[in-house]
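Counting from 1, the numbers follow the sequence of the chain as shown. Remember, it's 1-based here, ligands and their atoms both numbered in the order they're listed.
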Amino acid sequence: MTTLTTHRLDADAAGIAEAGRLLRAGRLVAFPTETVYGLGADATDGRAVAAIYAAKGRPSFNPLIAHVATVGEALALGAFDAAATALARAFWPGPLTLVVPVAPGGAVSDLARAGLDTVGLRVPSHPVAQALLAAAGRPVAAPSANRSGHVSPTTAAHVLADLDGRIDAVMDGGPTDVGVESTIVACLGGDPVLLRPGGVPRDAIEAVIGRPLAAATGEATIAPGMLASHYAPDAAMRLDATAPGPGEALLAFGPVVPPGAAEVLNLSPTGDLAEAAANLFGHLRRLDASGARRIAVMPIPSEGLGEAIRDRLARAAAPRDA
Ligand code: AMP
Ligand code: MG
């Protein structure tokens, strides 16, 4: 990937305004939350979200948490049941992430949701995060601001040690104070499920919902399919296909597309892996909805973002119980 100059921004009015401008332009900005430093990008822009994966060197797409400034903005992005609404009112702003069904037409991109029908939402309380999210004026996807496999950063210096030259800016808001990640609770209609322990303790959550949190023991605990760990199409998939077979839809990549498919969508006609990542889940869904029994996928190079794209395609192609 290209080397960027990573700007260190002070957490003052000018720094916040610049960070908001960068995020709205699809750039990457690391910023403090009350848990750890997050690596932020416009969650509504698949290309910007793809850049997070490229900067972190993450070999797989998993759903990212979309951060917003206010409870009202979060409520518009998802479908909140009674438990989710009570938890939002009790703990936001704060270190709680709620996974809820995505709202129809919700703005969070499908790459940020890893193609799932659910969305992870959080309203952080850190004043710098609050100001930045207000300046960005849109949901900001933000996993921890470290290289894949490294520990989560709690200072701007930690962020730079991992990501200097790979991101556009880091807002320096001093050391973060919780240091552990947000608690993640899924509210998908059945009993709320604790997906990850974190900054808000279990008993505080149980006191609000008035019952014990279910353990995340797999998909069976809630509505089937609602908490699938990855997106899987109904159609069978065939990877590294050089030409479509009879009746196959084709997920193409690059300028040279073999003829003969009933339905063709190209992840990136120019062979750009960031564009391909941004289009991945949307194109898969559209081909799946076209009624084809099988989707043939052209070869994707395995360098850079190609590794994460290939990983997700392989999971989508795997037998359903894998
Ligand atoms: P983090 O590593 O702090 O960015 O948290 C990301 C984690 O949030 C993911 O690995 C998931 O466990 C969880 N998460 C976010 N969005 C969703 C979602 N839509 N469905 C299920 N889990 C989610
Ligand atoms: Mg992390």
Side-chain angles (χ1 to χ4, degrees), residues 28 30-41 43-44 46 49 52-53 55-68 74 77-81 84 87-88 94-103 106-124 126 129 139-154 159 162-163 176 178-190 192-200 213-219 221-232 281 285 308 311-312 315:
L28 300 181
F31 63 97
T33 75
E34 66 276 22
T35 57
V36 301
Y37 273 72
L39 178 55
T44 70
V49 174
I52 289 177
Y53 286 92
K56 286 183 64 106
R58 217 188 236 191
S60 179
F61 298 125
N62 61 326
L64 302 178
I65 297 166
H67 298 72
V68 290
L77 294 169
F80 284 67
D81 63 10
L87 292 171
L96 175 71
T97 295
L98 292 173
V99 173
V100 297
V102 67
V108 175
S109 64
D110 51 21
L111 186 59
R113 292 183 285 105
L116 301 175
D117 295 326
T118 56
V119 61
L121 296 167
R122 178 172 159 216
V123 180
H126 194 290
V140 172
S144 58
N146 51 273
R147 291 289 287 270
S148 180
H150 293 193
V151 295
S152 297
T154 55
V159 174
D162 259 23
L163 297 175
T176 61
V178 176
V180 296
E181 266 128 347
S182 61
T183 303
I184 306 181
V185 176
C187 296
L188 302 173
V193 177
L194 181 65
L195 296 184
R196 179 176 76 187
V200 176
L213 276 168
T217 50
E219 294 178 32
T221 49
I222 43 176
M226 288 299 276
L227 200 62
S229 56
H230 61 84
Y231 170 72
F281 295 106
R285 275 180 190 275
D311 170 80
R312 278 295 139 173
R315 290 170 196 254

*Check each of Leu188, Leu64, Val99 against atom 21 (C) of ligand 1 and report the one with the nearest heavy atom.*
Val99
*Looking at residues at least two apart in the chain, or sitting in another chain, which of them share a side chain to side chain contact (heavy atoms under 4.5 Å, CB included) with Ala79?*
Pro101
_Taking 4.0 Å as the limit for heavy-atom contacts, which would you say applies to Thr118 with ligand 1: side chain only, backbone only, both, or neither?_
both
*Just which atoms of ligand 1 are under 4.0 Å from any heavy atom in Val119?*
19 (N)
_I want to know whether Tyr37 and Phe31 have ring centres closer than 6.0 Å._
no
*For Lys56 and Asn146, indicate whether the former's side chain and the latter's backbone hold a donor-acceptor pair under 3.5 Å.*
yes
*With no hydrogens and no angle check, is any side-chain donor or acceptor of Asp311 less than 3.5 Å from a backbone partner on Ser60?*
no
*Is there a donor-acceptor contact under 3.5 Å from the side chain of Ser109 to the main chain of Ala43?*
yes
_If we count only N and O atoms by modelled type, under 3.5 Å, do the side chains of Glu181 and Ser152 hold a donor and an acceptor together?_
yes
*With atoms numbered from 1 as shown, which atoms in ligand 1 lie under 4.0 angstrom from a non-hydrogen atom of Gly120?*
16 (N), 19 (N)
*atom 15 (C) of ligand 1: which of Pro143, Gly115, Ser144, Pro63 has the nearest heavy atom?*
Pro63
_Ile184 neighbourhood, listing ligand 1 atoms whose heavy-atom distance to it stays under 4.0 Å_ = 7 (C), 8 (O), 13 (C)
_Proximal atoms of ligand 1 relative to Arg196 (non-hydrogen, under 4.0 Å)_ = 1 (P), 2 (O), 3 (O), 5 (O)
*asked:* To check you understand the geometry: which heavy-atom pair defines the closest contact between Ala74 and Leu121, and what is its length?
replied: O-CD1, 3.5 Å
*Taking distance alone, with no angle check, do Arg58 and ligand 1 share an N/O pair under 3.5 Å?*
no
*Candidate with minimal heavy-atom separation from atom 5 (O) of ligand 1, of Ile65, Val193, Leu98*: Ile65
*asked:* Below a 4.0 angstrom heavy-atom separation, can you tell me which part of Thr97, side chain or backbone, both or neither, approaches ligand 1?
replied: neither
_Set of residues satisfying side chain to side chain donor-acceptor pair (under 3.5 Å) with respect to Arg196, sequence neighbours excluded_ = Ser182
*Does at least one non-hydrogen atom of Arg113 fall below 4.0 angstrom from an atom of ligand 1?*
no
